[in-house]
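What follows is a single structure, written as structure tokens, with notes after it.
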Amino acid sequence: MPFARVLIDGPSELVFDYSFPDDLTVSPGCRVRVPLRNRDATGTVLSIEPMQDLGFATRPLSSLIDPEPLLTATLLELAQWIANYYGSTMESVIRALLPESIRAEEHSAKVQKMVQLMQMPSEEKIQSIGKKAPKQQNILLLLNGCPERKMLLSELGQGAHSSVKSLVKQGYVQVVEEEIRREPDADQQEQVIESFPLPLNNEQAQALEVAKQAMAEPSKPILLLGVTGSGKTEVYLQAARHTINQGKTVLVLVPEISLTPQTVRRFKARFAALDDQVAVLHSHLSQGERFDEWHRIRNGKASIVIGARSAIFAPLPNLGLIIVDEEHDQSYKQDTSPRYHGRDIAVLRAKLEKCAIILGSATPSLESFHNAQEGKYTLVRLNQRADSHSMPLVRVLDMRLEQQKQKNSHAIFSDKLRQALELRLERGEQSILFLNRRGFARSLQCPACGHACQCPHCSIALTYHRTEDRLMCHVCGYQSIVPRKCPECKDPAIALQGYGTQKVEEVLAKLIPKAKFARIDADAMRKKNTLRDMLHAFKSKKIDILIGTQMIAKGLHFPNVTLVGILNADIGLHVPDFRAAERTFQLITQVAGRAGRGELEGEVIVQTATPHAPAIQFARRHDFDGFSEQELEFRREFQFPPYGRCAVLTVRSTHERRAEFTLQTLHRRLLENLPPEIQVSEPLPSPLIRSHGQFRFQITLRSLHARPLTKHVQCVLQKTTLPEDVTATFDMDAISFM
Ligand code: ADP
Ligand code: ZN
């Protein structure tokens, strides 16, 4: 008799074998109830093991929770791979695949009672019913008037129960239970108008051809490198249509649903005729909605699923195509365990499912681009904007000269940018201003003693927010009142330094009083639907100038925007991270790409204190090839990714010495029996040494291959007992070194 190997729910990563009766169909991916010591537990079947004499009797499992396995064989395989590769527990991976809302039994399908008309009595009979029981007559007439001749019992009004009961007895109606879907977008009431395929230009047509080829036979992943506005989305849409026509399903990953509303809407519009076959997995679905969407997908009722990172685990049967839009985006990396990279898991899933995959971006990650150069991916390029308009003209302005000229070392707007904004206003065109820092002032600092107000829980200066008149921590959210004199030396000259989006808003109001503007950043977006409403107002030209952080960098398409101003373009350039230049290049290119997407020519003004930085100059020329060539050279020289793997081991504790000491112990053990391909850095304080009240110390590890590195670190961690209030986390393919 074979037995089931079950991973028990809970943090302890327990795996036990259980027997089961012949007449019970148990397969991998099933959820089960099992006895565990003297209590009951739930778990997931990992595998069915062949009969074996273990020398002791296995206990039988109690029951199946769901009749069908919740996970497919491929998803289980994917889970195992993630656990090994990222060094996470299988339990945490299974929890990522089957979130609480899906496994919890109380969220199960919602059913409602419907009254269905079986047979309409004759005209005379109706009359006679009407005399004796007018309520019954009423119900029969109501039902007869409905398209499907049925209605919700609850809609038939108060006291309908007894009338319905009597009608059931007479055989005119029956009561049926129907599963109803908790419709996620029900509150949005957005009208979707069907869109139709555009005739493709040559480059697009070729890209589509390559995608069709990949669907016909198992092939390499496709890297679609298309400049901003080159019509990548149209290629995705037509590739998706082709997949569906072949009876297969499509999975679309976007960086963040709430920040890419236009992309989602374009998919909904193109497949409007398929109606509810498009499932959108938002992060703000209620637990019940998530349960319903997940089961709809599992049961093959959705043919397209759109979602962010975790949607890569959507249990779509018969997958034909995976699309990863903006594949370079950092939000694809999960920042809690399991720390998987959604794009990389997508590539693996495509391989396991033997389906096609398109990774698309105007600024691909160097990892993906390198894979294309090595021949592991098929590179397809769209070099022209789809509507044959030219790329916007990008000017780089040296703000140091500008500040000398204006005799103002705090100048936010160059004269050029101000004039350009005024010109757009005169012409009735729109502008976008980008600054990747929210709040009003970067810090509050005393000119006398140099004291800067810091978060008491994090090693970072507090940002001043004018709207709330508060100092706030952008790491942990701590807030405090604003001191009127220096807390250290009592000097009242304590002053605001640097600027954020709130200040830009204020200065702009004085500079160009006629302009109507709006600000989009995490502070302004606290309320639900604000982003959607603001983008809508911008689209309908009720706003002249949109000010925003990276929230407006992605995928927005506004044909009337002819000017983009990037304030302080080097904000992200001087941080201790080998990807700093790559990120700056991506951000400038993406933001600049919001300009000139219609009939009118676009202009971009980049303000910077380091105008000669290569990332800025290559972005100015829209030169991805030039940038990647130079940057890859640097990566190769120092063996940074993509020429090797990079991981971070971090130790956290509220006690500074204890964290540091623990990391030193781990460091010593890592050096014992160190495989020669692995390089281990010295243990150092994290750049942000204190965060959320915890001190952090870290070691950076590099290796040619991932597996030996993960294995070595896991081995050391397993051998080491950490002090009670110390935690260690391992981040394979880390993208954050803060
Ligand atoms: P990307 O996703 O590459 O930034 P989009 O898909 O947003 O580009 O396309 C930019 C604009 O060009 C959109 O307005 C889109 O409708 C239009 N477009 C795309 N393909 C074509 C085409 N073949 N012919 C005409 N217009 C197109
Ligand atoms: Zn803080």
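Both counts, for ligands and for their atoms, begin at 1 and track the order of listing.
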Shortest protein heavy-atom distance from atom 2 (O) of ligand 1, along with the residue and atom involved: T233 OG1, 2.9 Å
Salt-bridge contact K333-D335 (side-chain N to carboxylate O under 4.0 Å): no
Backbone or side-chain N/O/S of H457 under 2.8 Å of the Zn ion (ligand 2): no
Identity and distance of the protein heavy atom lying nearest atom 8 (O) of ligand 1: G231 N, 3.0 Å
Heavy-atom nearest neighbour in the protein, as seen from atom 16 (O) of ligand 1, with distance rounded to 0.1 Å: L198 CD1, 3.9 Å
N, O or S atom of H692 closer to the Zn ion (ligand 2) than 2.8 Å: no
Distance filter under 4.0 Å to N201 heavy atoms, resulting ligand 1 atoms: 23 (N)
For atom 20 (N) of ligand 1, closest protein heavy-atom neighbour: Q204 NE2, 3.0 Å
Nearest non-hydrogen protein atom, atom 17 (C) of ligand 1: A386 CB, 4.3 Å
Metal check, the Zn ion (ligand 2) vs C473 N/O/S, cut-off below 2.8 Å: yes
Lys/Arg-Asp/Glu bridge criterion (N-O < 4.0 Å) met for R395, E603: yes
Sidechain N-carboxylate O distance under 4.0 Å for R652, D725: no
R597 heavy atom under 4.0 Å from ligand 1: yes
Aromatic plane relationship, F558 with F538 - under 30° parallel, 30 to 60° tilted, over 60° perpendicular: perpendicular
Matching residue for S365 among H370, E582, R343, R579 - test: side-chain hydrogen bond (donor to acceptor under 3.5 Å, both in side chains): R343
Mutual orientation of the aromatic rings belonging to Y478 and H457 [parallel < 30°, tilted 30-60°, perpendicular > 60°]: perpendicular
Test: D544 and R427 ion pair at under 4.0 Å: no
Evaluation steps, ring pair (Phe, Tyr, Trp, His ring centres under 6.0 Å), between H465 and F440: CA-CA 5 Å; H465 286 242; F440 186 85; 9.4 Å; no
Protein heavy atom at shortest distance from atom 24 (N) of ligand 1: P199 O, 3.8 Å
Metal-centred angle, the Zn ion (ligand 2) as apex - SG of C476, SG of C455, 10° resolution: 110°
Ligand 1 contact by R266, heavy-atom criterion under 4.0 angstrom: yes
Contact with ligand 1 for G229, non-hydrogen, under 4.0 angstrom: yes
Which atom of A659 lies closest to which atom of F695, heavy atoms considered: CB-O, 4.1 Å
Option nearest atom 1 (P) of ligand 1 (shortest heavy-atom distance, choices E326, H557, H389, K232): K232
Check: E256 and D329 side chains under 4.5 Å, non-hydrogen atoms: no
Sub-4.0 Å atoms of ligand 1 with respect to non-hydrogen atoms of L200: 23 (N)
